[in-house]
Undergrad: 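Here it is, the structure, as structure tokens.
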Amino acid sequence: MMRSHRAGSLRASDDGSEVTLCGWVDSRRDHGGVVFLDLRDVEGIVQVVVDPSRAGCEQAHRVRGEWVLRVVGTVKRRPEGTVNPEIGTGEIEVAASGLEVLNESEPVPFPLDEHAGEVDEGTRLRYRYLDLRRPAMQLNLLLRSRVNSSLRDSMSRQGFTEVETPMLIASTPEGARDFVVPSRLSPGSFYALPQSPQLFKQLLMVGGVDRYFQLARCLRDEDLRADRQFEFVQYDAEMSFAGADDVMEVVGTAVADAVEAATGERPGAFPRMTWHQAQERYGTDKPDVRFGMELVDLGPVFASTGFRAFQAEAVKGIRVVGEGAASRSRLDALTDRAKGLGAAGLVWMRVGEGGALESPVAKFLSDDERRDVVSAMAAEPGDLLLMVAGERRVANHVLGVLRLDLGRPPVSEGGLRFLWVVDFPLFEGLADDGSPVPAHHPFTMPHPDDLALLDAEGVDLLGVRSQAYDLVLNGWELGSGSVRIHRRDVQERIFTLLGIAPETARERFGFLLDAFRFGAPPHAGFAFGVDRLVAILAGEENIREVIAFPKTQSGADPLTGAPGPLDPAQLRELGLAVAVPQEATTRPDPER
RNA sequence: GGUCCUGUGGUGCAGCUAGGAGUGCACGCCGCCCUGUCAAGGCGGAGGUCGCGGGUUCAAAUCCCGUCAGGACCGCCA
């Protein structure tokens, strides 16, 4: 072994020990006659005291930041008055008897101290191997590793079998845009990379696996966001002879185990809320219940209003506490935001003393309406009231977004508020051709109470509920699951409703329908994003902080230069010709 | 596809509203001094295509147009 101890793990109890340490120079303080070197390894930092005149220590003056050193020395308690309570090793220091330079380092392009989080992220990604040396990033990687092992342990304990599913699969046009891989052996044919192992895990159920899980790599070619990367890891599970409650029990246990492993504290039982409640109270299917500011239905207040803008399907509002002093330009910006989200407009009211309302529309409202709106929204002087009228789903959506804009706490505040959202609708809307669009995926079992509605005439299909459920944490959609259809006849009925012709269904999902002919067990499952869970546990607003080598928002990797053009010979072998102009296929300029 | 924010020595910023010589601050870097610092200190020094292109102007980091990159968001993400 090159070392006897970890630098960051030394304590006062090691006083007198002869140690050999390896690590990086975190900082140096050269006093001429004595040199202090802070040596950093994965465990932390320890102060090394070097006398450059001592044999074996001659290099001390040469040493610079991020050089790699091997230090031999004796652990000593620090002299009176020089203890550093800021670091774990602050009671001791290492008196060096030998100092070996294992590798030198050029000056690093950005500081690796606690301020590195403020450095331009493009620069951090270009030198990610340096960024990862920072303790904050090391902690995030460690946290992620703990969550991964805890999930695996928990699922094993709960009787689940980890099964790996293929990365090269058939493309299906549903859902997200596929990443595709050309086939060399079948030129002109392509594989797709999996958006999720959905179909395979259902086939595993038919295959008698009974309880499956996997930490599955998934890929979707859609625009990136703070909480979305092209590739991400899903905790993916499926169980036979089980219903929604069984799945929520298993997943809740696994998540609670992971949270406990990561934070030391076990969350309580996850409350449930129906999808309908979530929309009405929070204007979203992933409510952040760390704060109030719930949407208020003002329909009763304005039921017979003379104000035209409020003669709508729905009038709803939110109360922004203490924001009554918001400037006109601020209110204009909020109005623009609301319009950008699809609202016809935004009505604002400042609440004054005695409940007096100041608003451009106040003159259109009756005395009763002005009084009732104040009481309906429990408004106090100094508050700002924001209202949207129009289609119910639009009003909910717009106010839901404004609520987050105006009230959402930072990710590291407000604790961990898990929430099951249940009773999702089976369909989320109608496509241009009038056929319903599945809210989850086309293998979702309708709610048993609503099954008959599917065959009835003249029924509003958008009111049909499904047996789908989401897990939400602090306003982030962690994941979703459902009871699956396991009977061929029901599955074919759904395909018909979705406007997928039998021959099309056969072409795309024939293998699944075939499998269902041979005794498919009732089954249900779930999947959630591990990156998102780890990010929230780490207190990060952005999943890139918990991914070792993430992509930028434009899908590039500043470190490796991906994506890049392909060699002509490679293209030929794959039977491909590139149709876009050459300059569009060159690598991004690494200088900017 | 769209909206918004950002781009100034290696890093983080200020300068831009009101055009006047690459001006300033902090950190880092290089050299010298220094035996108790821990963001060491002192003295000295180097380091710039103000992202890129065009326009307006006697004069552009600054104003205008375009473009590229990074970020946040909308659309998209069954």
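Here is how names work: the chains are called A, B, and so on, in the same order as the sequence lines, proteins then strands, and each is numbered from 1. Quantities reported herein were computed from a predicted structural model and do not represent experimental measurements.
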Undergrad: Considering every strand and a 4.0 Å limit on heavy-atom distances, what is the contact class for A:Gln47: base, sugar-phosphate, or nothing?
TA: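 Result for A:Gln47 = base.
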Undergrad: Between A:Phe230 and A:Phe179 (judged by ring centroids, cut-off 6.0 Å), do the two rings come close enough to count as a pair?
TA: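 A:Phe230 vs A:Phe179: aromatic centres under 6.0 Å.
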Undergrad: Do A:His486 and A:Phe516 make the cut of ring centroids closer than 6.0 angstrom?
TA: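 Centroid separation for A:His486 and A:Phe516: 6.0 Å or greater.
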Undergrad: So does A:Asp120 reach the base of B:G7 with its side chain, donor to acceptor, closer than 3.5 Å?
TA: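 Between B:G7 and A:Asp120, which were checked side chain against base, a qualifying N/O pair under 3.5 Å is absent.
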Undergrad: Categorize A:Gln195 for me: base, sugar-phosphate, or nothing, with a 4.0 angstrom heavy-atom threshold over every strand shown.
TA: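 Answer is nothing: A:Gln195 stays at 4.0 Å or more from every strand.
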Undergrad: Quick one: side chain to side chain donor-acceptor pair (under 3.5 Å) partners of A:Arg220, sequence neighbours excluded?
TA: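 Listed in chain order: nothing, the list is empty.
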Undergrad: So what does A:Thr82 hit on the nucleic acid, given a heavy-atom distance under 4.0 Å: a base, only sugar-phosphate, or nothing?
TA: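 Base, at least one base atom sits under 4.0 Å.
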Undergrad: Looking at B:G36 and A:His31: do their rings stack (centroid distance under 5.5 Å, interplanar angle under 30°)?
TA: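 No; by the centre-distance and plane-angle rule, A:His31 does not count as stacking on B:G36.
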Undergrad: Between B:G75, B:C38, B:G12, spot the one nearest the side chain of A:His397, thanks.
TA: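 Of the options given, the side chain of A:His397 lies nearest B:G75.
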Undergrad: Which residues satisfy the side-chain contact (heavy atoms from CB on, under 4.5 Å) test with A:Asp450, sequence neighbours excluded?
TA: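 Once residues adjacent in sequence are excluded, the partners of A:Asp450 under the side-chain contact (heavy atoms from CB on, under 4.5 Å) criterion are A:His447, A:Leu453, A:Val464, A:Arg465.
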Undergrad: Over all strands shown, is A:Thr444 touching base, sugar-phosphate only, or nothing at heavy-atom distances under 4.0 angstrom?
TA: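 Contact class for A:Thr444: none.
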Undergrad: When only distance counts, do a donor and an acceptor, one from the side chain of A:Asp223 and one from the base of B:C77, lie under 3.5 Å apart?
TA: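 In this structure, the two groups form no donor-acceptor pair.
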Undergrad: Using the rule for Phe, Tyr, His and the six-membered ring of Trp, do A:Phe110 and B:U11 stack at under 5.5 Å and under 30°?
TA: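 By the stated criterion, A:Phe110 and B:U11 do not stack.
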Undergrad: With a non-hydrogen cut-off below 4.0 angstrom, is A:Glu93 in contact with a base, only sugar-phosphate, or nothing?
TA: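 Answer is base: heavy atoms of A:Glu93 come under 4.0 Å of a base.
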Undergrad: Can we say A:Asp15 and A:Lys76 salt-bridge, meaning some charged N sits less than 4.0 Å from an Asp/Glu carboxylate O?
TA: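 Here A:Asp15 does not pair with A:Lys76 in a salt bridge, since their nearest N and O are not under 4.0 Å apart.
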Undergrad: So for A:Glu541 and B:G71, does any side-chain atom that can act as donor or acceptor lie under 3.5 Å from a complementary atom in the base?
TA: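 For A:Glu541, whose side chain was compared with the base of B:G71, there is no donor-acceptor pair (under 3.5 Å).
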Undergrad: Which word best sums up how the rings of A:Phe528 and A:Tyr235 line up, parallel for under 30°, tilted for 30 to 60°, or perpendicular for over 60°?
TA: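 Ring orientation, 0 to 90° scale: parallel.
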Undergrad: Compare the minimum distances between each of B:G36, B:G75, B:A72 and the side chain of A:Phe36, then state the nucleotide with the smallest one.
TA: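 Of the candidates, B:G36 comes closest.
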Undergrad: Which part of the nucleic acid, if any, lies within contact of A:Pro442, taking any heavy atom under 4.0 Å across all strands shown: a base, the sugar-phosphate backbone alone, or nothing?
TA: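 A:Pro442: base contact, heavy atoms under 4.0 Å.
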Undergrad: Return the nucleotide paired to B:U62: Watson-Crick means purine N1 to pyrimidine N3 with N6-O4 or O6-N4, wobble means G-U with N1-O2 and O6-N3, both under 3.5 Å.
TA: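 Paired with no nucleotide.
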Undergrad: Determine whether A:Phe526 and A:Trp420 satisfy the following criterion, ring pair (Phe, Tyr, Trp, His ring centres under 6.0 Å), listing intermediate values before the conclusion.
TA: CA-CA 12 Å; A:Phe526 200 78; A:Trp420 287 109; 5.4 Å; yes
Undergrad: In the structure shown, which nucleotide is the Watson-Crick or G-U wobble counterpart of B:A69, with both distances under 3.5 Å?
TA: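 Paired with B:A69, as far as the under-3.5 Å criterion goes, is B:U6.
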Undergrad: Which nucleotide, in any strand shown, forms a Watson-Crick or G-U wobble pair with B:C50, with both distances under 3.5 Å?
TA: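 Pairing partner: none.
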Undergrad: Side-chain donor or acceptor of A:Arg220 under 3.5 Å from a matching atom on the base of B:C77?
TA: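 By the distance-only test, no, there is no pair.
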Undergrad: Polar atoms only, N or O, under 3.5 Å: list the protein pairs with nucleotides 28-32 of chain B and their distances.
TA:
unit_1 : atom_1 : unit_2  : atom_2 : d
B:C30  : OP1    : A:Arg64 : NE     : 3.2
B:C30  : OP2    : A:Arg64 : NE     : 3.4
B:G31  : OP2    : A:Arg64 : NH2    : 3.3

Undergrad: Reckon A:Asn542 touches a base, only the sugar-phosphate, or nothing at all at heavy-atom distances under 4.0 Å?
TA: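 Sugar-phosphate only.
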Undergrad: Considering non-hydrogen atoms only, spot the tightest contact between A:Arg126 and A:Pro558 and give its length.
TA: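 Result for this residue pair: CG-O, 3.7 Å.
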Undergrad: Go ahead and name the base partner of B:G75; Watson-Crick or wobble counts if both distances stay under 3.5 Å, otherwise write none.
TA: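 The answer is none; no pair meets the criterion.
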Undergrad: Which base, if any, makes a Watson-Crick or G-U wobble pair with B:C32, both distances under 3.5 Å?
TA: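 Per the H-bond distance test, B:G42.
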Undergrad: Applying the Watson-Crick and G-U wobble criteria at under 3.5 Å, what pairs with B:U11? Answer none if nothing qualifies.
TA: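 Its partner is B:A26.
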Undergrad: Rounded to whole angstrom, note down the P distance from B:A26 over to B:G44.
TA: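 Rounded to whole Å, the distance is 13 Å.
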